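Step one of this worksheet: look at the structure below.
What you see is a predicted model; the values in this text were computed from it and never measured.
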Number of protein chains: 2
Amino acid sequence: MKQLPHKTIARLSQYRRSLLMCYANGKNHIYSHEIAKIQHITAVQVRRDIMLIGYTGTLRKGYNIKELIDIISKIIDSKDVIKVCVVGVGNLGRAMVNYFSGKRTKLSIVACFDTDPNKINKKVTGVKCYSVDDMKKIIKQKNIKIGIMTVPADKASETADKLVSAGIKGILNYTPKPVYVPKDVFLEEYDMITSLEKVAFFVKTHIER
Amino acid sequence: MKQLPHKTIARLSQYRRSLLMCYANGKNHIYSHEIAKIQHITAVQVRRDIMLIGYTGTLRKGYNIKELIDIISKIIDSKDVIKVCVVGVGNLGRAMVNYFSGKRTKLSIVACFDTDPNKINKKVTGVKCYSVDDMKKIIKQKNIKIGIMTVPADKASETADKLVSAGIKGILNYTPKPVYVPKDVFLEEYDMITSLEKVAFFVKTHIER
DNA sequence: AGATTATTGTTAATAAAATAACAATAATAC
DNA sequence: GTATTATTGTTATTTTATTAACAATAATCT
Ligand SMILES: NC(=O)c1ccc[n+]([C@@H]2O[C@H](COP(=O)([O-])OP(=O)(O)OC[C@H]3O[C@@H](n4cnc5c(N)ncnc54)[C@H](O)[C@@H]3O)[C@@H](O)[C@H]2O)c1
Ligand SMILES: NC(=O)c1ccc[n+]([C@@H]2O[C@H](COP(=O)([O-])OP(=O)(O)OC[C@H]3O[C@@H](n4cnc5c(N)ncnc54)[C@H](O)[C@@H]3O)[C@@H](O)[C@H]2O)c1
């Protein structure tokens, strides 16, 4: 299959979650416009995404939910569980561990790291916190592939470097500081401050115009 | 000025933060490629964004940091402080309040809301938590303009509705459930689960190819 | 002083994403 | 059984965002 657009991948993840809900409620078929309504996007967008992954529904009956879930899963899940770690177990890091722990089957947070002696060797919702000094060792040992960064902003780039040199293949950076990674490592950055400022900007222009 | 692209707004917020740092370190001028390096984007992108806001630097001297900060602030900040509330003071909500409280001058979290009696009327890092039942009243009273949603997913749409009917003008939705808002309310949604799955997808395709 | 270099600002080109248009057709209505 | 309707799948168009190209010129070099 051709390379899927990033945005499509993101939407597929969301479709799947909605589809799982519908399926759990006993629904077996769904129309593009129903999916669209749930996601608050257009039906064309949905059909286009589904077209891109090569699945076809049935005319006037819609898509078979079970089949669609399976196809999406085949695309976005990997065969084996992908192991994830969280670096920096502060407020945000703890929220993350808490939220994800024991939830996903194909993505599993198996370790976290911190510099704070009060946190090292404790457990966070069942996930052990190690010293950053052992990062390389643990990541290799446990075969961790993804790192979520929730360290203070001024520790962002050193943390990214450590993750990369430990052999991590994907980073989700929640610090507001952009980091550099070699191009064989996938990087996703999200800056909450910027998001809030963006909302504020549009609110402002709305109010002041 | 023409309507600025959303992406430009987001980058301006990030430029400003970097510029403030540089300025604090005693730097007075900066080249487009220096800004680009900090943000890990291209210099053209930076120049283009700066062009769009109508600022001009000086040839071979770069941009005057102070001036640029002021111009960006004039664009993205509003004249008065914009008040923000957080709905759902769980792990994530608490992290947010904690992080933002007392930090920004033009954006201020002034209230949070929850349904849990153990949280109502307590303070979260100095910010009072009210009952959701008083949401409308408090939002109007305090003239709150932006709501950050960190409630459980199944409470997302009712929460959005309440915020809208209370007169909120911007929503930052951190639940994985898309919500509907009328078009005079600016909506920004961010789904952490999807982000992580996206990283996992690219890691997988990298590993399996 | 004249040549060279580094840098901006802007237009042009390309790429990515979203939306629109519409042909095909199964299901339903009459 | 024919017409109508609702829905998919796909191509075409438009919009948005990024990248490239390059002219203009201030600063520096020789
Ligand atoms: N909490 C939020 O809602 C929020 C909002 C916007 C941005 N952020 C960003 O997220 C990041 C974390 O925020 P937070 O509120 O959780 O901060 P926090 O201070 O609560 O947590 C930071 C954690 O990182 C640990 N740490 C420090 N240096 C480290 C290192 N070198 N290696 C590993 N761990 C280290 C600290 O011990 C602490 O446990 C920050 O970069 C912040 O800017 C957070
Ligand atoms: N924590 C994370 O890292 C993380 C990651 C991905 C997604 N999310 C999403 O963020 C949201 C919050 O996550 P969390 O981990 O903080 O959950 P949480 O359970 O810790 O917090 C939810 C809070 O909302 C309150 N609440 C419940 N119903 C409410 C209502 N109707 N009105 C107001 N408050 C109400 C609860 O009392 C609780 O304090 C969820 O939608 C979750 O899916 C969180």
Side-chain angles (χ1 to χ4, degrees), chain A residues 1-15 19 22 27-65 67-68 71-72 178 183 186-189 194 198 201-202, chain B residues 1-15 19 22 27-65 67-68 71-72 178 183 186-189 194 198 201-202:
Chain A
M1 190 186 328
K2 249 210 333 279
Q3 182 73 357
L4 294 168
H6 284 215
K7 294 286 184 80
T8 294
I9 298 294
R11 281 190 299 265
L12 288 175
S13 151
Q14 297 176 317
Y15 297 161
L19 291 169
C22 296
K27 207 167 151 69
N28 285 311
H29 284 81
I30 195 165
Y31 298 125
S32 60
H33 67 258
E34 293 178 294
I35 300 179
K37 188 155 191 202
I38 300 173
Q39 307 301 140
H40 299 291
I41 57 176
T42 67
V44 190
Q45 181 81 84
V46 173
R47 291 206 299 279
R48 211 170 193 297
D49 286 334
I50 293 177
M51 184 195 83
L52 289 175
I53 62 177
Y55 180 66
T56 57
T58 25
L59 200 42
R60 304 243 354 182
K61 262 182 92 182
Y63 302 96
N64 179 301
I65 294 183
E67 279 176 22
L68 191 45
I71 297 263
I72 294 177
K183 59 181 166 333
F186 185 84
L187 174 68
E188 175 91 357
E189 308 199 294
T194 289
K198 194 174 147 194
F201 170 80
F202 285 101
Chain B
M1 190 186 327
K2 249 213 327 284
Q3 182 73 354
L4 293 168
H6 283 215
K7 294 287 184 79
T8 294
I9 297 294
R11 281 190 299 265
L12 288 174
S13 152
Q14 297 177 316
Y15 297 162
L19 291 170
C22 296
K27 208 167 149 70
N28 285 311
H29 284 82
I30 195 165
Y31 297 125
S32 60
H33 67 258
E34 292 178 295
I35 299 179
K37 187 154 191 201
I38 299 173
Q39 308 299 140
H40 299 293
I41 57 176
T42 66
V44 191
Q45 182 81 84
V46 173
R47 292 206 299 277
R48 210 169 193 297
D49 287 333
I50 293 177
M51 185 195 82
L52 289 175
I53 62 177
Y55 180 67
T56 57
T58 23
L59 199 43
R60 304 250 345 191
K61 261 182 95 183
Y63 302 97
N64 180 302
I65 293 182
E67 279 175 22
L68 191 46
I71 296 263
I72 294 177
K183 58 182 166 330
F186 185 83
L187 173 68
E188 174 91 357
E189 308 199 292
T194 289
K198 194 173 148 196
F201 170 80
F202 285 101

To the nearest angstrom, how far is A:Ile9 atom CD1 from C:dA16 atom P?
14 Å

base_contact_polar (D:dT5 base, A:Arg60 side chain, donor-acceptor, <3.5 Å)
yes

Taking only the side-chain heavy atoms of B:Met51 (C-beta and beyond), determine which of C:dT10, C:dT19, C:dA27 contains the nearest atom.
C:dT10

Between A:Arg11 and C:dA18, is there a side-chain N or O to OP1/OP2 distance below 4.0 Å?
yes

In whole Å, I'd like the distance from the CG atom of A:Leu59 to the C1' atom of D:dT10.
13 Å

Send over the distance from B:Asn64 CG to C:dT7 C1', rounded to a whole Å.
16 Å

Side chain of A:Pro5 - closest among C:dA17, C:dT7, D:dT8
C:dA17

Rounded to the nearest angstrom, tell me the gap between atom NZ in A:Lys7 and atom P in C:dT19.
10 Å

What is the nucleic acid contact for B:Thr8, judged by heavy atoms within less than 4.0 Å: base, sugar-phosphate only, or nothing?
nothing

Report the distance from atom CD1 of A:Ile50 to atom P of C:dA18, rounded to the nearest whole Å.
15 Å

Taking only N and O in the side chain of B:Tyr63, is any of them less than 4.0 Å away from OP1 or OP2 of C:dG9?
yes

Side-chain N,O (B:Arg47) to OP1/OP2 (D:dT18) below 4.0 Å:
no

Please evaluate residues A:His29 and A:Asn64 with respect to the criterion side chain to side chain contact (heavy atoms under 4.5 Å, CB included), reporting the C-alpha separation (whole Å), side-chain torsions for both, the decisive distance (0.1 Å), and the verdict.
CA-CA 5 Å; A:His29 284 81; A:Asn64 179 301; 4.1 Å; yes

Spacing of A:Thr56 atom OG1 and A:Ile71 atom CD1 [to the nearest 0.5 Å]:
8.5 Å

Judged by nearest nucleotide, the residue sitting upstream toward the 5' end of DNA chain C, B:Val44 or A:His6, is B:Val44

Could you give the CD1-to-P distance, from B:Ile30 to C:dT8, as a whole number of Å?
10 Å

If you find the nucleotide of DNA chain C closest to B:Ala43 and the one closest to A:Thr42, which residue's nucleotide is nearer the 5' end?
B:Ala43

Should A:Ile41 and A:Arg11 count as side-chain neighbours, where that means a heavy-atom distance under 4.5 Å?
yes

Keeping A:Glu34 on the side-chain end and A:Tyr31 on the backbone end, is there a donor-acceptor pair under 3.5 Å?
yes

Which of parallel (below 30°), tilted (30 to 60°) and perpendicular (above 60°) describes B:Phe186 and B:His6?
tilted

To the nearest Å, give me how far apart OH (A:Tyr31) and P (D:dT5) are.
16 Å

Check: C:dT19 base within 3.5 Å donor-acceptor of A:Arg48 side chain:
yes

Between OH of A:Tyr55 and C1' of D:dT10 the distance, given in whole Å, is 18 Å

